[in-house]
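Presented below is the structure to which this report refers.
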Protein chains: 2
Amino acid sequence: MQQKTDKIKPSEKILTTAFECLSTRGYANVSMRNIAKEAGVALSQLTYYYKNKEKLFIEVINMMTVQYLHEIEKNLESVMGEKEKLASLVRFFKELIRNKPKLLKLFIDFIAQALWIPSFREQLNSLFTELTQIIEENLLTDPKTKKKYLEYSPKTVAKLILGALLGTSIQIVLGSDRDSAFESLNLAESLLN
Amino acid sequence: MQQKTDKIKPSEKILTTAFECLSTRGYANVSMRNIAKEAGVALSQLTYYYKNKEKLFIEVINMMTVQYLHEIEKNLESVMGEKEKLASLVRFFKELIRNKPKLLKLFIDFIAQALWIPSFREQLNSLFTELTQIIEENLLTDPKTKKKYLEYSPKTVAKLILGALLGTSIQIVLGSDRDSAFESLNLAESLLN
DNA sequence: TTATTGGTCGTACGTACGTCCGAATTCTAT
DNA sequence: ATAGAATTCGGACGTACGTACGACCAATAA
């Protein structure tokens, strides 16, 4: 029965357990020992595979970044027209908030850590850059769309879209009345159309 | 010469020093001992006045909340017309980012802590509520303004504005190219007009 | 068979943390 | 002047942390 779970590579088991712990309790409140214990592995295994706590967290974020950036791009490719793509992006975020709030929390926690830890900051910056580019290339290339924002560059528009999605998500994840804030995302969509 | 600084109440000295430390290095990276030392006060004084680290941070946030909420309201009262008030709010945020980035960092850090610490979360929620109300009452009462957003409630609009300001600020504080992201705030303003 | 390598483990080191406590000092009101 | 309260101090307690180390074990290659 447990054959398969036993065959999981320890390094992967550590990684997924680390994600579970970090996204549930936060970087500052999770110790290497916690992760080791929960993964059913010796503490020193974490050092062996990931060197230290900082690098382990970076790997966790990396894993999530790769996975979800792909998912976003797949989502955007699956519909035609920039209006529809925007709708699709908003829908993606709403589903993320509803179904994977832990992922959002992990991400917000990571942002805060990036304030003080240079290696995190670097990684976060490249994530922001990639996200902005995806938005730019998918939602803002049509001349018709461009005209609407006249003097503003696509990059500026993309950053605002990302900012609004991020800021609203934060309010939702942390706030009490979830549904009222969801409405804000709908409004964002219609304002941009 | 130092008469005046010596006369500062220790509790206040602790509070301002705590702000300085927290906004420079972050909640997780600042110890009670750090603050005590920097404030020139015995460690146990922090416990005496603020009970524990959590409550001390809450007091710091409280101080900042009171001060800057007042400042925002004062700012909004000083101009007439909802368009102008929106412009004034955006200007306020831009100046905040430019002149008091440490305050922004403190705030972002606080948001992340609020993910895991219930007392922080409570305080953050009431701060969000107050901010939303200020926006609602100052920028969204004019019937002319209301019409623009048709089916959306003022609260929803207010939350989006707050979200966009917050999300964009985060990108600016953490990002490398500050000026390009400032543009996003200008765009936000014109989109809402 | 033996030697080498990669993986696994338990443990220990040094340090830092938040909190607590009892004694000393200063202030205040009678 | 003095009792009592408020303040200040240094130090200690127990715990938790990230990291490092050296000993095993299993598989592989010569």
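What you are looking at is a predicted structure, and each value in this text was computed from that prediction instead of being measured. Every chain is numbered from 1, with letters handed out A, B, ... down the list of sequences.
- Rounded to an integer number of Å, the gap from OH of A:Y27 to P of D:dA16 is 19 Å.
- In this structure, A:Q45 places its CD atom 16 Å from P of D:dT19, rounding to the nearest Å.
- Side-chain contact, B:S119 with B:E54: a donor N or O sits under 3.5 Å from an acceptor N or O.
- The distance from atom NZ of B:K37 to atom P of C:dC17 is 11 Å, rounded to the nearest whole Å.
- Side-chain atoms of B:T47 lie closest to C:dC20 of the nucleotides C:dG18, C:dC20, C:dT8.
- In this structure, A:L106 and A:V60 have side chains that are in contact, with non-hydrogen atoms separated by less than 4.5 Å.
- Listed nucleotides C:dG7, D:dC9, D:dT19 differ in distance to A:R33; the shortest reach to its side chain belongs to D:dT19.
- For A:L43, the side-chain atoms get nearest to C:dT11 when compared with the rest of D:dC17, C:dT11, D:dG10.
- The distance from atom NZ of A:K55 to atom P of D:dG18 is 15 Å, rounded to the nearest whole Å.
- Between B:E183 and B:N186, the side chains place a donor N or O and an acceptor N or O closer than 3.5 Å (distance only, hydrogens not considered).
- As rounded to whole Å, 15 Å separates atom C1' of D:dC17 from atom CD of A:E54.
- Taking the nucleotide of DNA chain D with the nearest heavy atom to each of A:S44 and A:N29, the more 5' of the two is matched to A:N29.
- In terms of phosphate contacts, A:Y48 brings no side-chain nitrogen or oxygen within less than 4.0 Å of OP1 or OP2 of C:dC9.
- Within the structure, side chain to side chain donor-acceptor pair (under 3.5 Å) pairs that include any residue of residues 27-37 of chain B comprise B:R25-B:N34, B:S31-B:N34 (at least two apart or interchain).
- For B:N34, counting side-chain heavy atoms from C-beta on, the closest listed nucleotide (C:dC17, D:dT7, D:dG18) is C:dC17.
- Summarising the geometry, the separation between CG on B:N52 and P on C:dG18 is reported as 10 Å, rounded to the nearest angstrom.
- Looking at B:Y68 and B:L103, their side chains come closer than 4.5 Å, going by heavy atoms from C-beta outward.
- Between B:Y49 atom OH and D:dA6 atom C1' the separation is 8 Å, expressed in whole Å.
- The side chain of B:V41 lies closest to D:dC9, out of D:dC9, C:dG6, C:dG10.
- Atom P of nucleotide D:dG10 and atom CG of B:L46 are separated by 13 Å, given to the nearest angstrom.
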